[in-house]
There are 2 protein chains.
Amino acid sequence: MTLHGWITHLRSSGKVAFAVIRDGTGIAQAVFVKTALPAEVWQRFASLTLETSVMVRGEVRADARAPGGFEISVADLEIIGPSPLDYPIQPKEHGIDFLLDHRHFWLRSNRQRAIFLVRNEIEQAIHDFFYERGFLRIDTPILTAAIGERSGLFETDYFEEGKAYLAQTGQLYGEAAAAAFGKIYTFGPTFRAEKSKTRRHLTEFWMIEPEVAWYDSAANMRLQEDFVSYLVRRALDRCADSLKVLERDVTKLEAVKPPFVRLDYSEAVEIVRQKGSVTTWGEDLGAEDEALIVADYDKPVFVMNYPKQAKAFYMKENPADPRTVLCDDCLAPEGYGEIIGGSQREDDYDRLVRRIKEERLPVDAYDWYLDLRRYGTFVHSGFGLGLERTVAWICGLQHIREAIAFPRMMHRLKP
Amino acid sequence: MTLHGWITHLRSSGKVAFAVIRDGTGIAQAVFVKTALPAEVWQRFASLTLETSVMVRGEVRADARAPGGFEISVADLEIIGPSPLDYPIQPKEHGIDFLLDHRHFWLRSNRQRAIFLVRNEIEQAIHDFFYERGFLRIDTPILTAAIGERSGLFETDYFEEGKAYLAQTGQLYGEAAAAAFGKIYTFGPTFRAEKSKTRRHLTEFWMIEPEVAWYDSAANMRLQEDFVSYLVRRALDRCADSLKVLERDVTKLEAVKPPFVRLDYSEAVEIVRQKGSVTTWGEDLGAEDEALIVADYDKPVFVMNYPKQAKAFYMKENPADPRTVLCDDCLAPEGYGEIIGGSQREDDYDRLVRRIKEERLPVDAYDWYLDLRRYGTFVHSGFGLGLERTVAWICGLQHIREAIAFPRMMHRLKP
């Protein structure tokens, strides 16, 4: 067979030499036997360096001891593209900034490949989950005139229309689509121009936002736990090798099954205060609070019905306690924190207008959104799942920046 | 059963009344018999208007003559959300601007629903095609410092990093990923700040960009014809009802099978000149030229190997004719024009630097991209398929703006 790929490892005894070749789909070991090869081929081996691209021809046989499980007895070797000795990523420790500066090369490592195999599986599982359940995928616009939350916006000039803002969510459009198609989901990039430097924030990240007509908050949470469990199951079933490379403790993932834990916000505040948090009723829960809450459970935890002032204007007032809204955050176990924010949407026109005004948002910009309540309003709910946070959790990554191919953070716009 | 939905049609004989109800997944006819109903339910029927949201309860039976194929004998009716009589979209002709201003309602029509069922099927088919073939999906950044083509960029401030530009393509990142993972594809929104008002242009559109290590231009075209044929087949197999609603002549689509027609650019220029075009060798082909070319064929047509000056800097010089590059445009039949642009990529470092300079692009911004040629360069090819153009073609739409839920054009940023 003929194999094209890149050299990742070299060693030679003087008579027999080995090259590990990465072709993108995996690795294979090529064996060069001096006495069995034309002299020029043997000499070519000597000129190989890390990440030289090559073509090798030879016989393949399975060999469990060889890296990649295959060995090629080389009959011919061609050098396609040499690789100077200053190839940036060497088999040693590199700092994170250096690795991120060379992300185009860092992606070639075993560990990064494992992450992107898992990400790919999760993305396909997301599409399969919704496709099988009759949801329509709707691609909502990135360039918007009106948007959900107003701080931390990237803006750009838009011809004679004035400014356009990069969408922080597709939800408002998703609600319009749910009224047309019943069950929909979005899958696209979202943007936050926030000066945040935590290990859970990116300025550009991918979000999946289902929206369902006639679902109340309880049905919304059932959909969330089915969805998250499905994604974890797919990763376990189809990415065992990658999770092994990542040294992921999969027993933690095996526990992720419905029903998830359900805590009322007020209960959650009690729990974190008993554990020493100074958070008081009315405030949003921070990353540390979230870690305190999930510590007691081996499953994801829903924290439900937050105070109105801690959440976005579009969430429906809770009839049982009008200080709160019908919403949930889904917290991943093992301290990974919020992976989903969901809510039933305010379907009462007057209440929604009041909330928009309270938040000092421009009512005019929401005219079409308010239309959905003026004409045949409907109970509906939805949620947003952060893709990189989900990948980071399932892969067991310490920082979200490894969960996307080319991360964008406050100080990083390249490569 | 209980059904939630919106009223799309009403009629009454005084003793028996009918309401067609749309629930997003389809429509059903509800039958109200005055003598069989409590008086208050019969009175509620009288207050129904177009797009009122309702709950009906009753017995369902299949009835081939009823709209939607189902009829519900109503036992109870509740009005959830009334709909004032000025509901904007009425059963009459509306101008296109009016419809686009009310896109959130327009989406509720039968025709729009059919389009988005087809779009959903095509999107899922795209993911299935690549997943089954071992391609990794890679989500490339929207916010970029360096990009493929430099005119028509949307720009935004990016913290202390200066300006960021909205990606016109994910290809350059896709090439880096192909070197890491072998076979990849991207699926995301792309942006063109062009003052274009044709029926084939949007300022924001979705593009699918596969990139494959070790594929030459010929292999790239074989992938394209397999891919496009697969998408058309899926739409034919699974969207027959929607294509019928759209009055699509499916016999035209049945003809879309590999191999597609292959014409050299020079041949294509000959053909259009014989048909009266004034295009001369060296110029790009316009929409009218494309229509002249495909008129002779019932399949998509590849036009190959354009002159260098008509195409982007990253395309590989054609060894057989260095005035040209190894590329192809794939033109859909029936005058729908270019749906794919593809090429083998320039893998020679020096030639690539020369081309970047010739195009007066900033070499520095491409440092990481050039790295892919400095260290273990590799033969590779890829292409970009425009999603909305493909949907417009398969659905038989006159204008691309109907192929996306909330189109963005030069004068349109809302809703």
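Every chain is numbered from 1, with letters handed out A, B, ... down the list of sequences. Everything numeric here is computed off the predicted structure, so don't read it as measured data.
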Under 4.5 Å from any heavy atom of chain A - which part of B/Asp101: neither

Distance in Å, A/Glu388 CD paired with A/Ile122 CD1, rounded so as to fall on 0.5 Å steps: 10.5 Å

Side chain, backbone, both or neither of A/Arg373 within contact of chain B (heavy atoms, under 4.5 Å): neither

Side chain, backbone, both or neither of A/Ile138 within contact of chain B (heavy atoms, under 4.5 Å): side chain

Test: B/Asp347 and B/Arg345 ion pair at under 4.0 Å: no

Interchain contact, B/Glu194 with chain A, by part (heavy-atom threshold 4.5 Å): backbone

Heavy-atom pairs under 4.5 Å with chain A, option from B/Thr203, B/Asp139, B/Leu372 with the top count: B/Asp139

Closest-packed option against chain B by number of heavy-atom pairs under 4.5 Å, given A/Gln112, A/Glu160, A/Arg119: A/Arg119

Gap separating the CZ atom of A/Phe159 from the CE atom of B/Met409, nearest 0.5 angstrom: 11.5 Å

Side-chain H-bond candidate by donor/acceptor type, B/Arg234 with B/Gln124, under 3.5 Å: no

Interatomic spacing from CZ in A/Phe191 to CG in A/Leu166 - rounded to 0.5 Å: 5.5 Å

Pair A/Tyr158 + B/Phe154: ring centers closer than 6.0 Å: yes

Most chain B-contacting option - heavy-atom pairs closer than 4.5 Å, from A/Phe105, A/Tyr87, A/Trp6, A/Trp106: A/Trp6

Exceeds 12 heavy-atom contacts within 6.0 angstrom, atom NZ of B/Lys195: no

Selection from B/Leu107, B/Thr52, B/Leu143 maximising heavy-atom pairs under 4.5 Å formed with chain A: B/Leu143

Chain A contacts, top residue of B/Glu175, B/Met55, B/Arg238 (heavy-atom pairs, under 4.5 Å): B/Arg238

Aromatic ring pairing A/His104/A/His102, orientation class (parallel under 30°, perpendicular over 60°, tilted between): parallel

Region of B/Asp86 in contact with chain A, defined by heavy-atom distances below 4.5 Å: both

Portion of B/Ala213 that has a non-hydrogen atom of chain A nearer than 4.5 angstrom: side chain

Side-chain heavy atoms of B/Asp367 within contact of A/Lys414, under 4.5 Å: yes

Region of B/Phe187 that comes under 4.5 Å of a non-hydrogen atom in chain A: both

Side-chain touch B/Ile126/B/Leu387, heavy atoms, less than 4.5 angstrom: yes

Chain A contact via B/Arg412 - which portion, at a heavy-atom distance below 4.5 Å: backbone

Selection from A/Thr25, A/Ile7, A/Asp128, A/Asp157 maximising heavy-atom pairs under 4.5 Å formed with chain B: A/Asp128

Side chain, backbone, both or neither of A/Pro82 within contact of chain B (heavy atoms, under 4.5 Å): backbone

Residue pair B/Thr190 / B/Gln168, side-chain heavy-atom distance below 4.5 Å: no

Heavy-atom pair count under 4.5 Å with chain B, highest-scoring of A/Tyr375, A/Phe406, A/Phe130: A/Tyr375

Donor-acceptor contact below 3.5 Å, side chain A/Ser53 vs main chain B/Thr377: yes

Most chain B-contacting option - heavy-atom pairs closer than 4.5 Å, from A/Ala180, A/Gly182, A/Ala193: A/Ala180

A/Tyr185 and A/His127: side chain donor to acceptor below 3.5 Å: yes

Selection from A/Asp371, A/Ile404, A/Leu50 maximising heavy-atom pairs under 4.5 Å formed with chain B: A/Asp371

Residue selection (most heavy-atom pairs with chain A, distance under 4.5 Å) from B/Thr140, B/Leu117, B/Val379: B/Leu117

Interface residue of largest heavy-atom contact number with chain A, from B/Pro88, B/Gly26, B/Pro84, under 4.5 Å: B/Pro84

Among B/Pro407, B/Ala179, B/Ala178, B/Pro189, residue most engaged with chain A (heavy-atom pairs, under 4.5 Å): B/Ala179

